[in-house]
Amino acid sequence: MPEKVQLHVAMFLLQFGYAGFHVISRTALNMGISKLVYSIYRNIIVLILLFPFAYFLEKKERPTMKFSFLVQFFLLALCGITASQGLYLLGLDHTSPTFASAIQNSVPAITFAMAAALRIEKVRLDRRDGIAKVVGTLVCVGGATVITLYKGPSIFVRASTTTLNFAAPAFMAEGKNWTLGCVYLIGHCLCLSGWQALQKPVLKKYPARLSSTFFTFFFGLLQFLVIAAFTERDADAWAFHSTGELFAIFYSAIVMSGIAFSVQIWCIDRAGPVFVAVYQPIQTLVVAIMAFIVLGEKFYLGSIIGAVFIVLGLYLVMWGKSQERRS
């Protein structure tokens, strides 16, 4: 199989892996799993998987550890692991997998805006690519705003939602706040974007990518454990009550942080970040189908309108980036 075909197949299949994560995480929350326990167990497995690769493959590349590096890894973990994962699960608990996936399409645009503010990314308003990136960012922000402020009527509902449901979906339960969930997920996107924007200057001084990722997850785990020590004192919350909870944890760690990370890095190396980002909206479509079948999720007009704006903005930003690289 030619490499070009391999890249397209890999990215297409990767969207199913990401989509499965959104739906499986929603299912785990429906089962009553603790959000902190879910994140802690996930990060423990990730560290176990990362350690041998980071230790043996980067022996020669890894710089001597300094206190300044530890501070940077701690801040990266606070932003990209602890806050990002925590806000994602809080937002998912109040909204739906489709919405969580849709709003994540805004991350490249938000990352560009942060990088531009930090002067990591150059903005040329006298060129078409610069205008496209700015307009795309604004369109993404507009789409996220529409989703947050306007839920709208449900426009497509399954006749029966009992066939494959593991538990009652949160968006059908009482005590859930859709707007609050939107705010949490926007916070998640901001944290994830900040983490991505800050990666570049850190990796310039500490070029060992796997080791950097390991230390980031390590500090993220420590931060989650500190939070859990004060907020999750129920011993029963740390036990597994079903194979579904165990499967969700292993899936999120192995597929999301193991296989998906490796495949995405390979695709970026071979075809560039624009190629990878272009496939991201497919994930939202797959999530919508999965959530509809498995969880009986409803489709709301506001989410669809907002998702269209976000995807349009994403493509404008990616087009601007591709044009910039060619010039």
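Any value given below was found using the heavy atoms of this structure, including those in side chains, with hydrogens, waters and symmetry copies removed. In this text the structure is predicted, and so the values were computed from the model without any measurement.
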Distance-minimising heavy-atom pair for [X] and [Y]:
X: Lys35; Y: Leu89; answer: O-CD1, 3.6 Å
X: Ala28; Y: Ala248; answer: CB-CB, 3.8 Å
X: Pro52; Y: Leu49; answer: CD-O, 3.6 Å
X: Gly136; Y: Leu316; answer: CA-CB, 3.7 Å
X: Ser106; Y: Cys189; answer: OG-SG, 4.0 Å
X: Ala77; Y: Gly220; answer: CB-N, 3.3 Å

- Message: Quiz question: by atom type and distance under 3.5 Å, do the side chains of Tyr41 and Ser252 form a donor-acceptor pair?
- Response: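 Short answer, no.
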Please report the interatomic distance [atom1]([X]) to [atom2]([Y]), rounded to the nearest 0.5 Å.
X: Arg128; Y: Lys133; atom1: CZ; atom2: NZ; result: 14.0 Å
X: Asp93; Y: Asn30; atom1: CG; atom2: CG; result: 8.0 Å
X: Thr82; Y: Phe217; atom1: OG1; atom2: CZ; result: 10.5 Å
X: Phe224; Y: Ser39; atom1: CZ; atom2: OG; result: 4.0 Å
X: Ser84; Y: Leu76; atom1: OG; atom2: CG; result: 12.0 Å
X: Leu185; Y: Leu190; atom1: CG; atom2: CG; result: 11.0 Å

Pairs of donor and acceptor atoms involving the side chains of residues 281-290, under 3.5 Å and at least two apart or interchain, shall be tabulated with distances.
{"unit_1": "Gln283", "atom_1": "OE1", "unit_2": "His22", "atom_2": "NE2", "d": "2.8"}
{"unit_1": "Gln283", "atom_1": "OE1", "unit_2": "Ser101", "atom_2": "OG", "d": "3.3"}
{"unit_1": "Thr284", "atom_1": "OG1", "unit_2": "Ser101", "atom_2": "OG", "d": "3.1"}
{"unit_1": "Thr284", "atom_1": "OG1", "unit_2": "Asn105", "atom_2": "ND2", "d": "3.0"}

Answer whether the closest heavy-atom distance between the side chains of [X] and [Y] falls below 4.5 Å.
X: Ile310; Y: Val139; value: no
X: Thr27; Y: Val23; value: yes
X: Thr216; Y: Phe74; value: no
X: Phe219; Y: Leu78; value: no
X: Ser212; Y: Phe69; value: no
X: Leu221; Y: Phe218; value: no

In the single-linkage hydrophobic clustering (I, L, V, M, F, W, Y; side-chain heavy atoms under 4.5 Å), do [X] and [Y] co-cluster?
X: Leu90; Y: Ile81; value: no
X: Phe53; Y: Phe56; value: yes
X: Phe99; Y: Val107; value: yes
X: Ile24; Y: Ile45; value: yes
X: Ile249; Y: Met256; value: yes

- Given the side-chain rings of Tyr251 and Phe21, with only the six-membered ring counted for Trp, is the space between their centroids under 6.0 Å?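 No, the ring of Tyr251 stays outside the 6.0 Å limit from the ring of Phe21, centre to centre.
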- Does Tyr206 have its ring centroid less than 6.0 Å away from the ring centroid of Phe73?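 Close enough - the centres of the two rings lie under 6.0 Å apart.
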- Partner residues of Tyr184 under the side-chain hydrogen bond (donor to acceptor under 3.5 Å, both in side chains) criterion, sequence neighbours left out: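 Here no residue qualifies.
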- Task: Tell me, with the steps shown, if Trp178 and Ser96 meet side chain to side chain contact (heavy atoms under 4.5 Å, CB included).
- Result: CA-CA 9 Å; Trp178 182 273; Ser96 70; 4.0 Å; yes
Check whether any side-chain N or O of [X] sits under 3.5 Å from a backbone N or O of [Y] as a donor-acceptor pair, and report yes or no.
X: Tyr88; Y: Gly187; answer: no
X: Arg26; Y: Leu92; answer: yes
X: Glu232; Y: Ser34; answer: no
X: Gln323; Y: Trp319; answer: no

- Query: What side chain to side chain donor-acceptor pair (under 3.5 Å) pairs are there with at least one residue in residues 60-72, not counting sequence neighbours?
  - Reply: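 Applying side chain to side chain donor-acceptor pair (under 3.5 Å) to every pair that reaches into residues 60-72, excluding sequence neighbours, yields Arg62-Ser211.
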- Hey, mind stepping through Leu203 and Arg209 against side chain to side chain contact (heavy atoms under 4.5 Å, CB included) and telling me if it holds? CA-CA 7 Å; Leu203 289 173; Arg209 289 180 175 272; 3.3 Å; yes
- Task: Before giving the answer on side chain to side chain contact (heavy atoms under 4.5 Å, CB included), spell out for Val255 and Phe250 the whole-Å C-alpha distance, their side-chain angles and the decisive distance to 0.1 Å.
- Result: CA-CA 8 Å; Val255 176; Phe250 273 91; over 6 Å; no
- Message: Please check if the number of heavy atoms outside Phe309 that lie under 6.0 Å from its CZ is greater than 12.
- Response: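 No, the 6.0 Å shell around CZ holds no more than 12 heavy atoms from other groups.
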- Message: Could you check whether atom OH of Tyr55 has more than 12 heavy atoms from other residues, nucleotides or ligands sitting under 6.0 Å from it?
- Response: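 No, not enclosed.
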- Query: Out of Ile40, Leu36, Ile44, which one pairs with Leu225 under the side-chain contact (heavy atoms from CB on, under 4.5 Å) rule?
  - Reply: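 Checked Ile40, Leu36, Ile44 against Leu225; only one passes side-chain contact (heavy atoms from CB on, under 4.5 Å): Ile40.
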- Task: Please test Gln85 against His188 for side-chain hydrogen bond (donor to acceptor under 3.5 Å, both in side chains), starting from the C-alpha separation and ending with a verdict.
- Result: CA-CA 7 Å; Gln85 289 184 11; His188 155 71; over 6 Å; no
- Message: Under the criterion side chain to side chain contact (heavy atoms under 4.5 Å, CB included), I'd like the reasoning laid out for Ile110 against Cys140: C-alpha separation, chi angles, the key distance, then a yes or no.
- Response: CA-CA 8 Å; Ile110 298 173; Cys140 278; 5.9 Å; no
